[in-house]
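Quick notes on the structure that follows.
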Amino acid sequence: MTSVLALYRNHDALMNMSSNQQPTLILRRLSVDEYVLPKIHTKKIKRVNSERKPFSVNPFPKLGTGHGVYVFENQYFRYEGEWVKGKKHGFGKLLLKDGTYYEGQFNQGEITGTGFKFFSETKCKYKGQFLKGEMHGRGIMEFPDSSEYEGNFVHNRKNGYGVMRTPLTQYDGGYQGNMRHGEGRMVYAPMRYDKTSNGDRYEGYWVADKRHGPGVLHCADGSIFDGNFDNDEFHGHGLYRHISGVIYDGMWLKGFPAKMASKLHIVVENTPMVIRQGTPFTITVQCLNDENDVVGDEGREIQITAGFKYYQPSKGSALFDMIEDVEDKPIDTPFGYQVVHYPLTNQEQENDGPSEEDEEQELSQSQTQLDLKEDEDENQNNKEEEIKEGEDGEKLAENEKQDDEKEDGVDNSGGGVEEPDEIPNNTTTETESVPLPPPVPNCRSEEGVCVWNEVYLAPAPPMYRPFVAMEEAENDKKSSSRGKPAINKDDRRSSIGNIDRRGSVNKGVVRHNTCSSISPVDKMRRQKEKALEEKYAKTGEYVLMVHDVTNPPFLGRTIEPAFLLLKLKRPEAKKRAKKEGKKWDTSQHIRRSMVATEGLED
């Protein structure tokens, strides 16, 4: 097939030929394919990758090796430093347009080696080892809040051993993925006003930035926990020595002991507990949980006190006018009334109870009868007294008249002047200062139990308010039952100066007696009562109170107190020992009778 180019080349030759020589030209139409030029195959030329561009600040040295400055085509990066064969190699500085820059070693175009990097977004500074543009190896990272980390990095993250210092803490130990992991030691800064640090120190294991596993926590207040942690809490077995003195060694659940004491219990056989004047008693207290199991913690500080029923003085009374501010606030009890503190002591007291040497048998019998009367209902006694006085009104009026005369020192009954009930040596009008006995010291629990031995109810302090208020109430009640007007306020005020140290209105005021004569036994009994009240507590009902005063409270919790009723009675009467006489010998008596009879017969 003749191509189109061949036709054009032979055109001139054809024209020079004669007509005779010219061949007959047969024209034919060419196909479309014959008009297409053949494809020209060219060899691809590989361009050498080079960071050098026509707009470089400084041209590269010969063969691309040496020092040069280059701004990348996107104008975001700028490099100034050493080159080797067209690549960054050696020492140089790479500056980013946002302000971040690196200055240090390069290797074959990569940031590898030792260098310094500044992060414009976080203002952090890193100095250390790099690998392919990442922080990798040993280095120091400085944070804008003056915190600093010095340790190992792996792929831009803290990993391995390192030391992290902040304004509030310092940690040295293991890291994994930028978090504390493995064995480490954390020291917290001293207590701050904003409570962001507490001064504790922890040595142990960490998992995911939290204390997890065995460790020892030294608290700033001196408390120490040695045991297992879980998610930053005490969990598992551990020994905790609290600054208050409490020691707990056992299992823990989410920060608290598995058995946590929640209440106190007074061990007693019968309630109310009956005690005697001058006779010591023993108190045992247990620390129980909600399941009433004894919690075996050590060193919990327990306080034991006593209280007496609080009488609210009526407005306008002498006690109300004298006491403007009540220092001792009443305490609520589960018995339906409030109490105020009454002195309780473990100081040994002399027992002046009835005995053969200083008492007669009649006094012992009268005391026994008086104890029985104390157990009877007071309201019933008052009703019987009112009925008896109403039936014999004339006799009551006569007795009252005799009592008034006795107050003036005259006895018209023929018995002479009646001796006062008070002991002559104690008729002073001024209250003597008597020191109070020392209180019962607090007790530290041992295996959850506290025991107090040789405990006494001490004599009442001078002007003990409940006794004064109770005495006033009793006087008003007696006056109203006799039909006499109650003592007015002025008389009460004038009698305050004569109130003895036991709080009773006795000194300077002679009691009104309902009978014209007093038997020797009653007089002896009254003298004995006054002697007992001077040395011992007044008979009646008291409340024993037990409180948890551990300071500071163990784990921030104070357990519930316990209360117990105490019924104080007079000392038990000692039975007089009977003197053993000569035994009656019947056989000897018969023998003597027979001898006497024989003598008469003879």
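Given the structure is predicted, the values throughout are model-derived calculations rather than measurements.
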Checking Thr550 side chain against Phe554 main chain: does a donor-acceptor pair fall under 3.5 Å? no

Can you list everything that forms a ring pair (Phe, Tyr, Trp, His ring centres under 6.0 Å) with Phe563? Sequence neighbours excluded, please. none

Verify, without hydrogens or angle tests, whether His547 (side chain) and Val549 (backbone) share a donor-acceptor contact under 3.5 angstrom. no

If you compare all heavy atoms of Gln277 against all heavy atoms of Leu568, which two are closest, and at what distance to 0.1 Å? N-CD1, 3.6 Å

Can we say Arg444 and Glu446 salt-bridge, meaning some charged N sits less than 4.0 Å from an Asp/Glu carboxylate O? no

Between Lys538 and Tyr342, the two heavy atoms sitting closest are N-OH, 4.2 Å

Looking only at the aromatic ring of each residue, does the gap between the centers of Tyr311 and Phe467 stay below 6.0 angstrom? no

Between Arg276 and Arg570, is there a donor-acceptor pair closer than 3.5 Å when you use the side chain of the first and the backbone of the second? yes

Determine whether the aromatic ring centres of residues Tyr240 and Tyr248 are separated by less than 6.0 angstrom. no

Name all residues meeting the side-chain contact (heavy atoms from CB on, under 4.5 Å) criterion together with Asp332; count only those two or more places apart in sequence or in a different chain, and write none if there are none. Gln338

Would the distance check show the side chain of Trp452 and the main-chain N or O of Pro441 forming a donor-acceptor pair, the cut-off being under 3.5 Å? yes

Phe234 and Phe229: ring pair (Phe, Tyr, Trp, His ring centres under 6.0 Å), yes or no, with the steps? CA-CA 5 Å; Phe234 305 156; Phe229 287 80; 5.5 Å; yes

With a 3.5 Å distance limit and no angle check, can you tell me whether Asn152 reaches the backbone of Tyr161 through a side-chain donor-acceptor pair? no

Taking every non-hydrogen atom, the tightest pair across Tyr171 and Glu183: OH-O, 4.0 Å

Verify, without hydrogens or angle tests, whether Thr345 (side chain) and Pro438 (backbone) share a donor-acceptor contact under 3.5 angstrom. yes

Could Glu148 and Arg165 be called an ion pair, given the rule that one side-chain N must be under 4.0 Å from one carboxylate O? yes

Run the side-chain contact (heavy atoms from CB on, under 4.5 Å) test against Asn551 and tell me which residues pass, sequence neighbours left out. Pro553

Test of ring centre spacing under 6.0 Å for Tyr149 and Tyr175: yes

Residues 210-226 side chain polar contacts: donor-acceptor under 3.5 Å, at least two apart:
from	atom 1	to	atom 2	distance (Å)
Lys210	NZ	Asn231	OD1	3.1
Arg211	NE	Asp232	OD1	3.0
His212	ND1	Asp230	OD1	3.1
Asp221	OD1	Ser223	N	3.0
Asp221	OD1	Ser223	OG	3.2
Ser223	OG	Ile243	N	2.9

side-chain contact (heavy atoms from CB on, under 4.5 Å) partners of Glu454, counting only residues at least two apart: Pro280, Tyr456

Indicate every side-chain donor-acceptor pair of residues 254-270 with a distance under 3.5 Å to a residue at least two apart or in another chain.
from	atom 1	to	atom 2	distance (Å)
Ser262	OG	Asp290	N	3.4
Ser262	OG	Asp290	OD1	2.7
Lys263	NZ	Asn292	OD1	2.6

Might you point out which heavy atoms bring Thr539 and Lys569 nearest each other, and give the distance in Å? CG2-C, 3.9 Å

If you count heavy atoms of other groups shown closer than 6.0 angstrom to OH of Tyr202, is the number above 12? yes

